[in-house]
Each structure stands twice: as C-alpha cells, then as structure tokens.
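Below, chain A is the first sequence line, B the second, and so on; all start at residue 1.
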There are 2 protein chains.
Amino acid sequence: MTDRAQATRERILVAAERLYAEHGVLAVSNRQISEAAGQGNNTAVGYHFGTRTELVRAIVRKHAGSIERLRERRLGRGHAQLRDWLGCLVHPTAEHLAGLGTPTWFARFAAQVMTEPSLRAVIVEETLTSPSLARTVAGLSRCLPGLPAEVRAERNDITRLVVMHAMAERERALAGGAGTPGAGWRETAGALTDVLAGLWLAPVTK
Amino acid sequence: MTDRAQATRERILVAAERLYAEHGVLAVSNRQISEAAGQGNNTAVGYHFGTRTELVRAIVRKHAGSIERLRERRLGRGHAQLRDWLGCLVHPTAEHLAGLGTPTWFARFAAQVMTEPSLRAVIVEETLTSPSLARTVAGLSRCLPGLPAEVRAERNDITRLVVMHAMAERERALAGGAGTPGAGWRETAGALTDVLAGLWLAPVTK
C-alpha cells in the first residue's frame, strides 16, 4: 500500500469512528464519511474498505491490538487475586482510552456495535477471541472454584456488558466536559473493579 | 380514534418492534414497517405516528405502563432490605416480558434505543422519570447510608446498564431457543438480583 493510500485509510477510520459514535453506526452513510475525511471522491470508503461491516471491523482492529498489548503486559506481572484478574479486564481498555486524549469515540462506537444485531458478530470475532482475554477469564475462574458453571457464564456475560457500556457512558460524560480526562479513566477503572469484585463474590441464591 | 385506526396503530407497533429488535432501529425504514404491518399504503407509519422518534416513543410507552404497574404493586408490599429494592428494579421488567410469551422483542429494542445517540433521550424521558423508579432508588439509598454520593450515582448507572443489557441478552438467547421461557425470566431476575446486591455492597477502594 502506498503512503498516500495509508494516510487516506487512516483519515477515513478517524472520521468514521467519530461520526458513528456521535450519530449511530447505521445512521451514517459511506458518502458522509468520505466527505468528513476530506475525500473529493464520494466512493472513497468503498474503494478503501469495501462494505460498512469491513470498515467497522477495521476500526475495531485498530484499537483491539493496543488493548491486547496492554493486557499482555498486565498479565506478565503475575496474579493470584480476584481483583488482579478483574483489573486485566478493566484497566487495559481504560489505559488505551486515556492514552488517546480527549475526546475519544471508541467506547461509544464499540457499545453500539455490540448492541446492533447486524454488527454484533464483528466485535465478538475481533475482541472476544483474544488470547489474553481467555487467560484472564481462566484466571478469574480459578479464584472462584465453587461457582456453578452456569452462574460463571452468566457473570462473565454481565462483566463484559458492564465494562463495555460503563466505559461508553464515561466517554460520553468526558466528551460532554464532565470530570478530568486522565484521572477520569483511572477512577472509572478502579470503581468498575470494585463493583465487579462485588458482583463475582455475591452469594448465589436459589 | 376509530377502532380501525387503533387496530392499524397496534399492527404497526408490533411490526416495528420486531423489525427494530432483529435488524436495528436505524436500519429499518418506515416503508418496511408499513409493509410488514400489512398496510397497502407505504406512508402508514408517517400518517399514524409522524417521525421514527415518535414511533419509538409509542413502543416504549406501550411497555412502560405495564412495568410501572408491576413495580407499584411490588412496592406496595413494603420493603426494608437491599434485595427487596433491587427486586423492584429487576422483577417488574422480567414479569412483563414473561407475560408477553416467547419470543419477545422489547428488551433488545430498548437496549438499542438506549445505546443509539439519536434515540437515547426518548427512553430516558419515558422510563427514567417513573415515580415508582424514583421511590425504588430512594429506598435503595436508605439501605446504604455510608456510600459517597458519587459512588452511589455511579452504581445507579451501572445497575441500569446491567438490567437493560442483561435482559436484552437473555431475550436474544430465548428467541434463539435457549432455555425455558417462563422460568428463564424468573431465573434471570433472581441471578441479576444476586449480582446487583454484590455490586452495591462492594467495598469502595481508593
């Protein structure tokens, strides 16, 4: 790929992520993205990415790599406690978002993609198959050996929902001018680790 | 409104909710809804509801009234414990969905509306202003007097996210043939009450 094609792709990715986060993934046309990316040619998105689904996949991949590296680094520290494993679910995304500066759009974008029936598979394929995530979930399970399998599966699902949607809400608040950006993400990750620890340690009633 | 207009409105509401839940609110046109509702006239949605936003609002209202009545009834029993108040957040929606038979579409529809920037205000206005919800949140707060205000606000937000998105995931699983419908909703509500109790009782670390 030429440098120029690479630069155009990057401009499209940035414009698409922002427009998707602010207006809704399905509400934004490839033509609007091409225009926002400064492309004279309205078909630039199609030319560089193909379908909307492939553009969404490219945006997810752009962030997933960095989050994966941050999680690998955190896993390398060695863990034994429930809170450490939960930290591996929460902090890498928060650190990645903090590193992007303010405002960010990825958390809102990702929450929408996960909720949107036609796009859900993209984020599942690109993020839930991560090796570091699998190691984290396995580590978490070892901390709670008595938990029935179906409760474990249910709490895993809820944990994923909490992380994804709470990050999106926090991003929305930060973009709207609430709180201090850097501290905001660290605090959010800490507060989420607290509630997730409570969630996992909660007694199971029948 | 004539009986016939009323019946047409109802057919449109049912068709719209299903199409929205399955394909995404912004991916479905008013024309497709008119067709699915058996209306020869493609502009039937516009005639009966106006904009998409007003149609979304009408779908939300149709369910919100029943959930509100179920919550009022549960509040009438008198409560003192944290789990009772959490039950008032979880069971009314679960009971409403169980009463609709299988499949339902409202939980997936509502989760999308909440995540969609252009529609979010509709569900906030129509459901988060409920008097019974305000009483429930106040009751919950009285059970945890030592919790700092900002932690309380944060846990309230996360609770709302968990209820909304976990119900949507459960609905998706039930629609796909997983589990026993009736028991499914009761079990889901019980499991959510467990994790929410853990979430609210979790110690706050700094």
Task: Distance (rounded to the nearest 0.5 Å) between A:Glu116 CD and B:Arg108 CZ - done: 13.0 Å
Task: Closest-packed option against chain A by number of heavy-atom pairs under 4.5 Å, given B:Leu201, B:Val195, B:Leu26 - done: B:Val195
Task: Segment of B:Leu119 engaging chain A (4.5 angstrom heavy-atom cut-off) - done: neither
Task: Contact class of A:His165 relative to chain B, heavy atoms under 4.5 angstrom - done: both
Open item on the list: If you compare all heavy atoms of A:Gly24 against all heavy atoms of B:Pro117, which two are closest, and at what distance to 0.1 Å?
Closed with: N-CG, 3.8 Å
Open item on the list: Minimum heavy-atom separation for B:Ala202 and A:Gly198, please, with both atom names.
Closed with: CB-CA, 3.8 Å
TODO: Could you look at A:Gln112 and say if it's the side chain, the backbone, both or neither that has a heavy atom under 4.5 Å from chain B?
DONE: both
Open item on the list: Counting neighbours of CZ on B:Arg120 that are heavy atoms of other residues, nucleotides or ligands and sit closer than 6.0 Å, is the number greater than 12?
Closed with: yes
Open item on the list: So for B:Ala111, is it side chain, backbone, both, or neither that comes closer than 4.5 Å to the heavy atoms of chain A?
Closed with: both
- [ ] Could you look at B:Ala21 and say if it's the side chain, the backbone, both or neither that has a heavy atom under 4.5 Å from chain A?
- [x] backbone
- [ ] Report, as yes or no, whether the 6.0 Å neighbourhood of atom CD on B:Gln81 holds more than 12 heavy atoms from other residues, nucleotides or ligands.
- [x] no
TODO: Identify the residues of residues 150-157 of chain B whose heavy atoms come closer than 4.5 Å to a heavy atom of chain A, ordered by number, or report 'none'.
DONE: B:Glu154, B:Arg155, B:Asp157
Task: Which atoms of A:Ala27 approach chain B - backbone, side chain, both or neither, heavy atom under 4.5 Å - done: both
Task: B:Leu199 side, atom CG; A:Leu196 side, atom CG - distance, nearest 0.5 Å - done: 7.5 Å
Task: Heavy-atom neighbours of A:Arg31 CZ exceed 12 at 6.0 Å - done: no
- [ ] Look at A:Glu22, A:His23, A:Arg172 and state which one has the largest set of heavy-atom pairs under 4.5 Å with chain B.
- [x] A:Arg172
TODO: Identify the two heavy atoms, one from A:Val204 and one from B:Asp194, that lie closest to each other, and give their separation to 0.1 Å.
DONE: CA-OD2, 3.5 Å
- [ ] Would you mind checking which part of B:Leu161 comes under 4.5 Å of any heavy atom in chain A, side chain (CB onward), backbone (N, CA, C, O), both or neither?
- [x] side chain
